[in-house]
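Reviewing the structure listed below.
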Protein chains: 4
Amino acid sequence: MTKPLARAKARTKKPKSLRKGPDRRRQIIAAASELFARNGFEGTSIRDIAAASGVLSGSLYYHFPSKEDLLFTVHQESLTAMRQEVETAIAGISEPWKRLDEAIVAHCRILLGGSVTRAILTPPRYYNLKGVRKLVRQRDEYEQIFASLIDDLPLRADCDRHVFRLSILGAMNWTVFWYAAGGRLSVDDVGRQIALMVRGATSGATTKR
Amino acid sequence: MTKPLARAKARTKKPKSLRKGPDRRRQIIAAASELFARNGFEGTSIRDIAAASGVLSGSLYYHFPSKEDLLFTVHQESLTAMRQEVETAIAGISEPWKRLDEAIVAHCRILLGGSVTRAILTPPRYYNLKGVRKLVRQRDEYEQIFASLIDDLPLRADCDRHVFRLSILGAMNWTVFWYAAGGRLSVDDVGRQIALMVRGATSGATTKR
Amino acid sequence: MTKPLARAKARTKKPKSLRKGPDRRRQIIAAASELFARNGFEGTSIRDIAAASGVLSGSLYYHFPSKEDLLFTVHQESLTAMRQEVETAIAGISEPWKRLDEAIVAHCRILLGGSVTRAILTPPRYYNLKGVRKLVRQRDEYEQIFASLIDDLPLRADCDRHVFRLSILGAMNWTVFWYAAGGRLSVDDVGRQIALMVRGATSGATTKR
Amino acid sequence: MTKPLARAKARTKKPKSLRKGPDRRRQIIAAASELFARNGFEGTSIRDIAAASGVLSGSLYYHFPSKEDLLFTVHQESLTAMRQEVETAIAGISEPWKRLDEAIVAHCRILLGGSVTRAILTPPRYYNLKGVRKLVRQRDEYEQIFASLIDDLPLRADCDRHVFRLSILGAMNWTVFWYAAGGRLSVDDVGRQIALMVRGATSGATTKR
DNA sequence: CATGAATGAGTATTCATTCAT
DNA sequence: CATGAATGAATACTCATTCAT
């Protein structure tokens with residue numbers, strides 16, 4: 001049932017130095033990000049990436065030992081970008097709920113806004129890769145930001161903070177599957193609405209539609 | 001170079017038991033559900049499904065004309081099962097919030113409980129199929145249950161009911177990617193917690209962890 | 001490179017008696033004729049034939065031990081029908097050229113008119129069958145009619161009667177690939193024109209278009 | 001159930017000689033020509049062609065995007081070659097019948113002589129391809145040569161030039177199914193005989209065999 | 001560093017054939 | 001006699017990966 005993808009043998013050559021083209025490497029990562037985001041990992045071929053990088057498929061293997069490895073890199077870089085965005089967003093704020101609000105908006109913004117990251121965090125369970133663990137670890141690390149934001153929240157005693165966090169992440173990440181740019185809502189609107197729901201949509205004046 | 005087409009080898013072992021009729025169809029659907037859920041559509045090969053159904057790959061085509069068609073069937077059946085579960089759960093209840101609570105619990109229960117349905121509702125956007133439209137229509141129809149439950153809710157005027165619904169669905173469907181049976185939480189616990197979050201986790205006595 | 005199609009093992013059961021359904025057998029042959037003619041041997045599946053005979057695929061094997069064998073039967077019957085048509089057509093005629101004329105018209109008529117035979121005589125060389133030899137033998141036997149008609153013709157000494165015969169057959173059989181029913185020309189027109197060409201299209205009044 | 005994808009086995013034997021560049025493309029076209037001619041399009045597998053080109057099946061797809069496309073190429077090249085042969089043959093001649101004679105001989109010569117072209121012109125009607133139209137167009141274009149040669153001929157008023165042309169083509173193309181190299185007749189003999197028949201085999205001194 | 005060509009296991013699907021009922 | 005279900009080899013095509021140049 002498992003698909004080991006037992007590739008990527010020799011992992012010898014990789015020039016840590018930036019002799020001439022770290023550009024090329026960046027181009028490849030950018031292209032791969034874009035394509036993985038749009039078509040998924042399995043739906044993107046090495047040739048697609050190569051073509052989008054202005055290179056032939058064989059050449060990719062100079063830069064990355066395997067497709068899987070390229071995914072790890074893209075994933076990592078994406079998460080780093082998200083972390084930065086989120087941390088910047090909550091930097092000056094101290095009120096716990098407000099901090100969560102801003103983190104949510106930031107997460108949605110980069111998720112839906114830039115192709116770099118979109119959808120990369122989606123179910124790594126689907127990727128039948130040897131290295132899913134690694135992906136999961138990378139992602140869990142990022143999600144700790146939210147864990148600690150939630151820790152600071154005054155919540156009902158019967159509220160499971162673990163589930164609370166994962167539900168928020170679910171609500172946010174799911175947007176990738178339904179949000180259509182150019183529609184009625186801006187990317188930030190989406191984030192605001194999720195933040196609203198999380199706070200409890202009842203409070204305040206109410207309407208029954 | 002030769003294509004001998006040598007058939008009819010040994011026909012020894014076959015357990016006489018699971019050889020009936022419409023059972024086979026069910027077995028296949030069950031196996032496919034499980035595998036699509038675990039590995040995604042593209043990540044599941046016809047051979048995988050066949051093997052899991054105790055059948056050879058060619059035999060599947062007696063029961064289903066294509067892999068895509070099998071997906072449609074699995075998807076449809078799953079949604080029908082979910083609809084029933086959810087409708088049963090809210091049957092005798094009239095208080096709007098309570099109805100939503102129970103719908104959420106029911107949705108999570110069947111999503112996480114039986115392999116038949118699990119995770120089928122996930123992002124059809126990724127499936128590179130001609131018939132995605134069909135899948136999406138099937139799913140949208142099911143989601144209308146939630147749309148109407150939410151319509152009955154007294155919500156703040158600035159709360160977008162559309163996003164509200166999709167966020168709840170996101171939170172619920174995302175559980176598929178993190179929930180591990182046998183852990184601290186029961187399937188119903190998960191549902192209750194999501195219902196709690198949706199109501200506004202602040203209300204009531206609070207703790208800061 | 002060869003595709004032996006090593007099927008048709010046991011050739012045991014076949015009820016020479018007409019217990020109940022020689023009809024069924026006829027139905028199958030008729031359906032097969034029609035389909036082989038329209039779609040070619042490789043382009044026709046046993047299931048197609050079964051469906052067209054109002055039977056399930058497994059049942060065919062009661063009547064014919066293999067698809068190949070069915071082809072032999074169809075081929076044989078078609079040739080027999082053609083022979084009859086041609087022999088009838090030349091029956092009362094004695095003038096050699098006239099006899100050939102009529103044979104040509106008859107051959108074309110049945111070839112293009114009834115689906116039973118059409119195209120069956122076409123290149124058995126294409127069929128990668130063990131039994132092509134058999135087909136060829138059947139066909140050669142039929143073609144002897146033309147050989148003897150040509151023997152009776154007064155031809156130029158430098159005319160190779162062998163090539164002459166095969167060229168006529170080529171011209172006639174090729175019609176299958178271009179003749180469209182319902183067009184300007186009737187089936188008999190086609191035969192007449194070929195007969196005309198064979199006689200030497202120059203003789204008589206001439207035009208240069 | 002596992003899909004090990006174990007690659008990179010032994011890479012021992014490879015004759016260093018036929019490893020160049022555009023040669024490979026030619027080799028493939030040659031092999032495909034030969035095989036399509038012998039076994040038909042449907043009767044030839046991509047693996048057959050690959051094997052005959054000294055290559056593995058996957059490698060073909062580097063050179064041609066599909067089997068159908070390979071057929072188009074082979075077909076096109078063959079027709080181009082035939083056109084050249086025929087046009088060269090009739091170049092210096094002005095007498096209309098003589099021009100047709102030479103065209104016929106040339107057509108047969110290349111049809112039966114080189115494997116490149118042989119039989120490719122046969123009934124595309126059978127090919128179950130999307131692009132049959134394309135093939136037919138290619139072929140019709142070639143056949144115009146004969147149409148115009150025939151236009152220049154003084155023929156009986158009741159002779160249909162359309163059927164006349166198709167019958168000649170039928171007689172010529174049919175040779176592919178019966179001509180055996182190395183027999184009594186040379187390739188050119190066959191062409192001469194067909195030309196003779198077309199002129200009217202009666203004319204001149206006659207014998208009755 | 002990059003290319004172009006090849007590799008070969010993998011994919012979904014088809015289909016003649018078998019056979020217990 | 002017929003059916004329904006299964007078989008398994010075959011088919012066209014894809015794609016991550018390798019490697020000599």
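- Here the nucleotide nearest the side chain of D:R47, chosen from E:dG10, E:dC15, E:dT14, is E:dG10.
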For Watson-Crick and G-U wobble pairs within 3.5 Å on both distances, what is DNA chain F written in dot-bracket notation, | included for inter-strand pairing? .||||||||||||||||||||

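- Rounding to the nearest 0.5 Å gives a distance of 10.5 Å between CD of D:Q138 and CD of D:E77.
- In this structure the side chain of B:Y62 never reaches within 4.5 angstrom of the side chain of B:R24, judged on heavy atoms.
- Rounded to whole Å, atom C1' of E:dA5 lies 11 Å from atom CG of A:L56.
- Taking atom CZ of residue C:R24 and atom C1' of nucleotide F:dA2, one finds them 9 Å apart after rounding to whole Å.
- Atom CG in D:D69 sits 10.5 Å away from atom OH in D:Y61 (nearest 0.5 Å).
- The backbone N or O of A:V55 lies less than 3.5 Å from no partner atom in the side chain of A:S59, so there is not a single donor-acceptor pair.
- One can place CG of C:D48 at 7 Å from P of E:dC15, the figure rounded to the nearest angstrom.
- In this structure, B:F41 places its CZ atom 13 Å from P of E:dT11, rounding to the nearest Å.
- Spacing between atom OH of B:Y61 and atom P of F:dA6 amounts to 15 Å, rounded to whole angstrom units.
- Rounded to a whole Å, the CD1 atom of C:I49 is 12 Å from the P atom of E:dC15.
- Partners of C:T44 according to the side chain to side chain contact (heavy atoms under 4.5 Å, CB included) rule, which considers only residues two or more places apart in sequence or in another chain, are C:L35, C:F36, C:N39, C:D48, C:I49.
- Residue-level contact check: A:S53 touches neither bases nor backbone, having no heavy atom under 4.0 Å from any strand.
- When rounded to the nearest whole Å, the span between CG of C:L60 and P of F:dT3 equals 10 Å.
- Just one of B:D23, B:V74, B:L60 meets the side chain to side chain contact (heavy atoms under 4.5 Å, CB included) condition when paired with B:I28; it is B:L60.
- Protein atom CD1 of A:I46 is 11 Å distant from nucleotide atom P of F:dC15, rounded to whole Å.
- Between the OG atom in C:S53 and the CD atom in C:Q27 there is a gap of 6.5 Å [rounded to 0.5 Å].
- Nucleic acid contact class of A:S45 (heavy atoms, under 4.0 Å, all strands): sugar-phosphate only.
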